[in-house]
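Let me begin by presenting the structure, written as structure tokens, before commenting on it.
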Amino acid sequence: MFRIESRDKDTNARAGVLSTEHGDIPTPVFMPVGTGGTVKGILQRDLVEEIDAKIILGNTYHLYLRPGTSIMKSAGGLHKFMSWDLPILTDSGGYQVFSLSPNRKLNDNGALFRSHIDGSEHLFTPENTVDIQRIIGSDIMMVLDECAPYPCDHKYAKKSVALTHHWLDRAVERYRGTDPLWGYNQVLFPIVQGGIFDDLRKISAEKVAGAGMEGNAIGGLSVGEPAEEMYRTIEIVNGILPGDKPRYLMGVGTPVNILEAIGRGVDMFDCVMPTRNGRNGMLFTSEGIINIKNNRWSADFSPIDPAGPSSVSTRYSKAYLRHLIISGEILGSQISSIHNLAFYLSLVRQAREQIVKGNFRTWKESMTRKLSERL
RNA sequence: GGGGAGAUACCAAAGCGGUCAACUGGGGCAGACUGUAAAUCUGCUGGCGAAUGCCUUCGUAGGUUCGAAUCCUGCUCUCCCCA
């Protein structure tokens, strides 16, 4: 299922291929986030043709609430429903348990929460979130976890990790006791938690490694902690997670975060930043980060990004995109999202090439300066 | 020609004796956003100053008052109705 093709000699970076029945995924990989069965504002066609996405995300919480499992089942799963033939990974809803926290109650059994749509009460358990993901038919399912907030004291983090581990055992049991509904294999990734506490992260990484799943995830990071804390935590966890399985760093991050994590042995990433920030006017380009809403771009008719990760990057000018975004035009969101995602995907693809060529560290150092520059 | 209404900051629009450098929208300027309740949210928006603050503003010229965007008079302009 996961084959490592090349290891970097200077860092812990590796280039591999993650195979699913919906296609092979060269790693490192960035996975566009498509929470509600859509990567906001982007046609499936463009995900393939402009962005070259190899896998996208869906979200159990959102799809469960709308359109609901009954429709998802009638549709024959999410792939068919949204007309997407490539792999899909679904988050379990663990993050929503955290981000929608005013509406939730956690106990041993699961997470009791109120729908943000109509206020109705629902219960997520380790078991039913696997069941729902069976119906959704994601190639990679995630266990239900609790993503602890930052800052968070050791006592709370410890309790949270214990709960997540308890849920992990139950999710794995349900996973092993059930079969896919749609005729192709599904795998389940457990999630390491533990805040920024090294002892908890070690315990959690050992627990997750012991589950023996096909891949493993690191959660609970990029929730507000300093980047250095995140990098240190990744190092500790990746020292324990099996090296022959893919490692997925959930919800990360900035282009620099991603390169740093790749250098520490992470293979998979997802983040709303390229799409959400793109819609809000933040563009990641080969020239640096720009806020397209700023007045200085109003008469700049140069391409959005001359390096052209996608066709929209060179076809449209900064001034035109600024006009669209400032006017609230839908096309502005679409162009920004396509460009940003193409930029992210292209960056990670380049990282892979550099790992294979054995030049990753040098390349990363020269890229990092450019990637953090704000124009 | 007769009768009526009104002129407030970039625009629209509140305020109708002191708590007004002036509500609120819009526009403008900037910021935030990391497993998407986000095409969202926040701040600033007369001048100078880091700031207590100081200076100049509510069509215009006077006046009343301790004090006026708010009251009175003249002027200018705009809009509506009837001829």
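Here is the naming used below: chain letters follow the sequence lines, and residue numbers restart at 1 for every chain.
- Within residues 129-142 of chain A, no residue has any heavy atom closer than 4.0 Å to RNA chain B.
- For the C1' atoms, the distance linking B:A12 with B:C58 amounts to 15 Å, nearest Å.
- For A:Arg276, the listed nucleotide lying nearest its side chain is B:U34; candidates were B:U34, B:U40, B:G35.
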Worksheet item: How does RNA chain B read in dot-bracket, base by base from 5' to 3', with Watson-Crick or G-U pairs under 3.5 Å and | used when the partner is on another strand?
Response: ((((((((.[[[..)..(.....]]]((((((.......))))))(((....)))...[[[[[..)....]]]]]))))))).
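- Partners of A:Tyr184 under the ring-ring contact (aromatic ring centres under 6.0 Å, His included) rule, at least two apart in sequence or in another chain, are A:His22, A:His79.
- Taking atom P in both B:G2 and B:C48, one finds a spacing of 50 Å when rounded to whole Å.
- In this entry the distance linking CD1 of A:Ile326 with P of B:U40 reads 13 Å, nearest Å.
- Interface remark: the A:Asn291 side chain does not form any donor-acceptor pair with the B:G31 base, using a distance-only criterion of under 3.5 Å.
- If you check residues 334-343 of chain A against RNA chain B, you find no residue with a heavy atom closer than 4.0 Å.
- When the side-chain nitrogen and oxygen atoms of A:Ser99 are compared with OP1 and OP2 of B:A37, one or more of them lie within a distance under 4.0 Å.
- Using modelled atom types and a 3.5 Å distance limit, the side chains of A:Ser311 and A:Glu50 yield a donor-acceptor pair.
- If you take CD1 of A:Ile330 and P of B:U40, they are 11 Å apart, rounded to a whole angstrom.
- Across the protein-nucleic acid pair, A:Phe30 atom CZ and B:U34 atom P stand 13 Å apart, rounded to whole Å.
- When the P atom of B:U34 is taken as reference, atom OH of A:Tyr231 falls 15 Å away, rounded to whole Å.
- Note: CD1 (A:Ile218) to P (B:U34) measures 19 Å, nearest angstrom.
- Listed by first then second residue, pairs satisfying side-chain hydrogen bond (donor to acceptor under 3.5 Å, both in side chains) with a partner in residues 194-208 of chain A read A:His154-A:Asp199, A:His165-A:Ser204, A:Asp169-A:Lys207, A:Asp198-A:Arg232, not counting sequence neighbours.
- To the nearest whole angstrom, the two P atoms, one in B:A5 and one in B:C72, are 13 Å apart.
- Using a 4.0 Å cut-off on heavy atoms, the residues of residues 245-275 of chain A that approach RNA chain B are A:Met250, A:Gly251, A:Val252, A:Gly253, A:Thr254, A:Asn257, A:Asp270, A:Cys271, A:Val272, A:Met273, A:Thr275, listed by number.
- Distance A:Ile292 CD1 to B:G31 C1': 16 Å, rounded to the nearest Å.
- Under 4.0 angstrom from either OP1 or OP2 of B:A39 there lies no side-chain N or O belonging to A:Asn280.
- Ring geometry for A:His122 against A:Phe113 counts as parallel: the plane angle stays under 30°, on a 0 to 90° scale with 60° as the upper cut.
- With C1' as the reference atom, B:G6 and B:G15 are 15 Å apart, rounded to whole Å.
- Counting only N and O atoms by type, the side chains of A:Lys318 and A:Ser302 include a donor and acceptor under 3.5 Å apart.
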